Amino acid sequence: MHTETATSIPFSRPAVTGREMQYVSEALASGHLSGDGPFTERCQALLEETLGTRKAFLTTSGTHALEMAAFLLDLKPGDEFIVPSFTFVSTANAFALRGARPVFCDVRPETLNLDERRLPDLITSQTRAIVPVHYAGVACDMDAINLLAGQHDVAVIEDNAHGLFGSYYGRPLGTLGALSAQSFHDTKNYTCGEGGALLINEPQFTTTAEIIREKGTNRSRFFRGEIDRYTWVALGSSYLPSELLAAFLLAQLEHRTEIQERHRTLWLRYHEQLREWADASGVQRPTVPEQCESSYHIYYMLMPTLDARTKLMTHLRSRGVQVAFHYQPLHTSEMGEHFGGRVGHCPVTERIVDLLIRLPLYPALSDDDQTRVIDAVREFHP
Ligand SMILES: *Cc1c(COP(=O)(O)O)cnc(C)c1O
């Protein structure tokens, strides 16, 4: 077939806006390579202004932003936190590191987001936090989650690794919980290779966050000239990215509108052009509730059976189209079972992980290559 000679279409490619190397060169020339220099400041200011959050701290990863959140809540052994089983390990691991126990919640079949209807059964007097993940960039039902959390005096920490610049009733994702974690890993919409950001929406956390991020010292106050020497004041670690990474990231954040717009165009085209095929094939396309503007991070589909998914993946790879499935359930993982997770606890998660397939979606995916992906999908009949 003619497609056999065509080059392979990767599943994921990091966005490149053109300014990255210029900013990295400026950082090099400035001689300031460690953290919290002018590029870090500019990234943080951009996030604070565009999202309307109290304080943004760049971190070395999304995982580290979650670890900082767990640190700030002062979680201890005996505490519990609620996470979706269908997520990346860091959502649970960051809080478990402090000795707290994960309680796994199932997801909704339409959005694959934490099913808020199950929370009342999972909240106990030990629950300290709920950590919703806005899967694929579509908001969880945050009004319901925040209402319940408020009634039980439980903190809400958004894992917003997918959802930066998406919104919920017009409010930016990442500003809806007490704290939120963003990721700039190279599979995410905006990247510096490895990186993240913690957003502080409740100001009482700001001073402690600054100390935790600076090795348990008040060095940030010293740099601002507020004190004449800095010292060890609390437990902490080192969560600052280098200025080289912040410089790279600034270029991406400054071009966020173009990056997001390209994701949106590609996402909507998949959605429209695969509708008939999906309806005829028993395939479920993603649902975006009316109140949500997606970040368009992922285009996924749920195949009718595991066998159909396996065959579609083989079919697409034979046409040079690289695709991927996604998370394995946390509650039935080795660590999940150690924390009490069992088969049957999250039936929707257990079902959908075997059906899910993700299509290539990134700014460098050309219209022609997307057409090849769409044509190859439509050739397949489960
Ligand atoms: C990517 C991701 C993370 C972790 O981000 P890193 O920057 O890779 O540490 C956490 N949660 C979710 C849902 C993610 O997709």
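Note that the coordinates shown come from a computational prediction; the quantities given were computed from them, not determined experimentally. One-based numbering, in listed order, for ligands and for the atoms of each.
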Check for a donor-acceptor pair, side chain of Arg309 on one end and backbone N or O of Asp354 on the other, with a separation under 3.5 Å. yes
Heavy-atom closest pair, residues Val138 and Ser294: CG2-OG, 3.7 Å
Establish, from distance only, whether the side-chain atoms of Tyr296 and Asn189 form a donor-acceptor pair under 3.5 Å. no
List for me each residue that meets ring-ring contact (aromatic ring centres under 6.0 Å, His included) alongside His326, sequence neighbours excluded, and say none if there are none. Tyr135
Tell me whether Arg128 forms a cation-pi arrangement with Phe95, defined as NZ or CZ under 6.0 Å from the six-membered ring centre and within 45 degrees of its axis. no
Identify all N/O pairs between ligand 1 and the protein with a separation under 3.5 Å and present them as a table of atom names and distances.
unit_1, atom_1, unit_2, atom_2, d
ligand 1, 5 (O), Ser183, OG, 3.2
ligand 1, 7 (O), Gly62, N, 2.8
ligand 1, 7 (O), Ser183, OG, 2.7
ligand 1, 9 (O), Gly62, N, 3.4
ligand 1, 9 (O), Thr63, N, 2.8
ligand 1, 9 (O), Thr63, OG1, 2.5
ligand 1, 11 (N), Asp159, OD1, 3.3
ligand 1, 11 (N), Asp159, OD2, 2.7
ligand 1, 15 (O), His162, NE2, 2.8
ligand 1, 15 (O), Lys188, NZ, 3.2
ligand 1, 15 (O), Tyr327, OH, 3.1

Out of curiosity, does Leu58 fall in the hydrophobic cluster containing Leu199 (side-chain heavy atoms, cut-off under 4.5 Å, transitive links)? yes
